[in-house]
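Here's the structure we're looking at; comments come further down.
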Amino acid sequence: MKIAVIGTGYVGLVSGACFSAWGHHVVCIDTDKTRIDALNRGEVAVFEPGLTNLVESNLQSGRLQFTTDLKSAVHDIDIVFIAVGTPVSGYDGDADLSYVLKAAEQTASALRGPALIVTKSTVPVGTSERLETLMRSVRPGADFEVASNPDFLREGSAIADFNKPDRVVIGCDSDRARALLQTLYRPLVDAGVPMITTTRRSAELMKYAANAFLATKITFINEMADLCEKVGASIDEIAAGMGMDKRIGGAFLKAGPGYGGSCFPKDTTALLRTAQECGVSLRLVEETIASNTARKRTLGNRLKVLLGETLQFKTIAVLGLTFKAGTDDMRGAPSLTLIQALQSAGANVRAFDPRGMKNAHMLLRDVIFSSNPYECAEGADAIVLMTDWQSLRNLDFNRLGAAMKRRVLLDLRGVYDIDTLVNRYGFMVERVGHPAKRPLENSAIKFKRRLGYVPSRVEVRNGIRNFRDRSSTTIDTASVREGLDHE
Ligand code: NAD
């Protein structure tokens, strides 16, 4: 088939590259000339594993092209996918459809033969009909139809998700459109991927319903994590037990700093807006948005509690900036909210991310960016782990601690072993969904300081960890026992 994809962001570029790898002739269009020029050189602006190789090989095969010239690209085409952004509208939380409408309008005026226009962008229910009306007003006699094919790919595993999705959803109101999309996706169906054919309205709403449900699931486990911290339970154990129930499932039960990214925040508010317009109350979605927003805004308070004082003039090292690991996407990242809160409280912020530094530079002010986690930790009063990149999971904590002013760590992704950090490396640790733990030495040092001793080392005698000071006096203290409770 001859396919045009409008928009070369995460969804458009992955879709275009994958369709061409399936053997179709694909032209990808974007208004961003710098991006298109780079793509024509085989350079991919976004970080998505495997995408550069896929683009390069299909460019070389001649099946994949990039242009800013929408008019000639959709001139003689079978299917036009619209994959432009649908950000949140500034004033009412609805989806901003201006890019979609513009793309549809431009397509209508450029069409010469019969074509199927398909929205891959996430658009509110009723948008297909709206596009059809708009396009008919531009080109009353043109032979085209509009269908919906929402995309469920995840940044970081987008190519795998595109080639092996959980399902393909095609929303069509005509047999001709349905038949064309069924032919396009036949390789996936032949490989066992379920295909759901629905009305256009159902397909459009399904995408929002799925994202709102996932956002709610994340929010639920985050609220449970808050409760765990108070009652001394472990959110990891609770999530593991819950996830084994097939009715619940284990995915999206990882407590963290709150959901972010380019989809969940905007899609939940757009869904709410649709419901409000129809006079329907979506209280769960409302509460999810409110709870998640409050969570992100109050992340900084955890540091205040940990450091036991004001954050003014404190240095906080933020490890991981992107909204999740595996992507360079900073849109809606919880790190942005945290850093803003820290700066408002008078803290100095240092930051490091394995892939998101370029985008972070554009969004953050007055942050000292570092080239690695150890440089980031230099002189820090505390470290916050915001994104669970693999490279941030396996750190040299001796080196990290030595660079810091105080060994305090807030693990908002629940990846570090608390006991190892506390007992082996002397960190004070708070891990999301677990009560905070102080190292034994800290409690003992505090106690000793109160007694006027200068401690030198801790020793274990008769199974009891005792505190030996420089004058070799052995003291058994309540604070030492408090430390033992943590082991
Ligand atoms: P993006 O912001 O990364 O990319 C959009 C691209 O469209 C930009 O390069 C922009 O220059 C281009 N564009 C805008 N108007 C144009 C026009 N008239 N003609 C040509 N190009 C134009 O967007 P994205 O993250 O790929 O998301 C696209 C859509 O897919 C959104 O509706 C989003 O909600 C949905 N979606 C995104 C994901 C995801 O993980 N990012 C997953 C599923 C669905």
Side-chain angles (χ1 to χ4, degrees), residues 4-18 27-39 44-49 51 66-74 80-89 94-110 117-124 127-128 131 134-135 148-162 165-169 203-204 206-208 210-212 214-215 259-271 322-324 326-333 359 362:
V5 182
I6 306 178
T8 60
Y10 293 88
V11 171
L13 188 56
V14 168
S15 306
C18 288
V27 55
C28 292
I29 305 126
D30 206 292
T31 44
D32 184 339
K33 188 172 180 313
T34 314
R35 184 173 279 204
I36 290 296
D37 289 345
L39 285 167
V44 175
V46 298
F47 169 69
E48 184 58 47
L51 190 53
F66 296 100
T67 182
T68 53
D69 183 1
L70 185 143
K71 201 170 172 187
S72 45
V74 303
V80 179
F81 282 96
I82 298 179
V84 298
T86 47
V88 70
S89 157
D94 207 352
D96 175 358
L97 285 182
S98 58
Y99 302 100
V100 172
L101 296 174
K102 183 96 182 142
E105 197 177 359
Q106 289 173 329
T107 302
S109 51
I117 319 303
V118 185
T119 47
K120 259 205 181 291
S121 298
T122 303
V123 290
T127 300
S128 295
L131 293 187
L134 170 76
M135 292 176 73
S148 167
N149 172 216
D151 211 297
F152 297 90
L153 61 76
R154 295 162 299 173
E155 289 174 21
S157 55
I159 294 171
D161 288 348
F162 194 90
D166 291 344
R167 75 302 208 188
V168 173
V169 179
E204 288 163 347
M206 189 192 300
K207 171 70 188 178
Y208 282 100
N211 274 1
L214 293 173
Y259 64 77
S262 69
C263 292
F264 289 178
K266 78 172 175 63
D267 291 348
T268 43
T269 56
L271 177 63
T322 54
F323 84 93
K324 65 171 186 175
T327 181
D328 60 354
D329 201 344
M330 284 292 300
R331 291 176 289 182
N359 289 333
M362 292 190 270

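When reading the values below, keep in mind they use all heavy atoms of this one structure, side chains included, and skip hydrogens, waters and symmetry mates. The structure displayed is predicted, hence computed values, not measured ones. All ligand and atom numbering here is 1-based and tracks the order in the structure.
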K324 backbone acceptor or donor facing T322 side chain under 3.5 Å: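 Such a contact is found between T322 side chain and K324 backbone.
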Which N or O atoms of ligand 1 sit under 3.5 Å from a protein N or O, and how far apart is each pair?
unit_1: ligand 1; atom_1: 2 (O); unit_2: R331; atom_2: NH1; d: 3.0
unit_1: ligand 1; atom_1: 9 (O); unit_2: D30; atom_2: OD1; d: 3.4
unit_1: ligand 1; atom_1: 9 (O); unit_2: D30; atom_2: OD2; d: 2.7
unit_1: ligand 1; atom_1: 9 (O); unit_2: R35; atom_2: NH1; d: 3.0
unit_1: ligand 1; atom_1: 11 (O); unit_2: D30; atom_2: OD1; d: 2.6
unit_1: ligand 1; atom_1: 21 (N); unit_2: T31; atom_2: N; d: 3.4
unit_1: ligand 1; atom_1: 25 (O); unit_2: R331; atom_2: NH2; d: 2.9
unit_1: ligand 1; atom_1: 26 (O); unit_2: Y10; atom_2: N; d: 3.0
unit_1: ligand 1; atom_1: 26 (O); unit_2: V11; atom_2: N; d: 2.9
unit_1: ligand 1; atom_1: 32 (O); unit_2: T86; atom_2: OG1; d: 2.6
unit_1: ligand 1; atom_1: 32 (O); unit_2: T122; atom_2: N; d: 2.9
unit_1: ligand 1; atom_1: 34 (O); unit_2: T122; atom_2: OG1; d: 3.3
unit_1: ligand 1; atom_1: 34 (O); unit_2: K266; atom_2: NZ; d: 2.6
unit_1: ligand 1; atom_1: 40 (O); unit_2: E155; atom_2: OE2; d: 3.4
unit_1: ligand 1; atom_1: 41 (N); unit_2: E155; atom_2: OE2; d: 2.8

Ring pair (Phe, Tyr, Trp, His ring centres under 6.0 Å) against F66, all qualifying residues, sequence neighbours excluded: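 Expected list: none.
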Contacts of F162 that satisfy ring pair (Phe, Tyr, Trp, His ring centres under 6.0 Å) - sequence neighbours left out: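 Testing F162 for ring pair (Phe, Tyr, Trp, His ring centres under 6.0 Å), a comparison that skips the adjacent residues, returns F19, W22.
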Listed partners of D96 passing salt bridge (Lys or Arg N to Asp or Glu O under 4.0 Å), at least two apart: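 For D96, no residue satisfies salt bridge (Lys or Arg N to Asp or Glu O under 4.0 Å) once neighbours in sequence are set aside.
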Lys NZ or Arg CZ of R167 over F152 ring: under 6.0 Å, within 45°: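 Judged by the rule, R167 and F152 form a cation-pi pair.
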Y99 atom OH: more than 12 heavy-atom contacts under 6.0 Å: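 Open: at most 12 neighbouring heavy atoms sit under 6.0 Å from OH of Y99.
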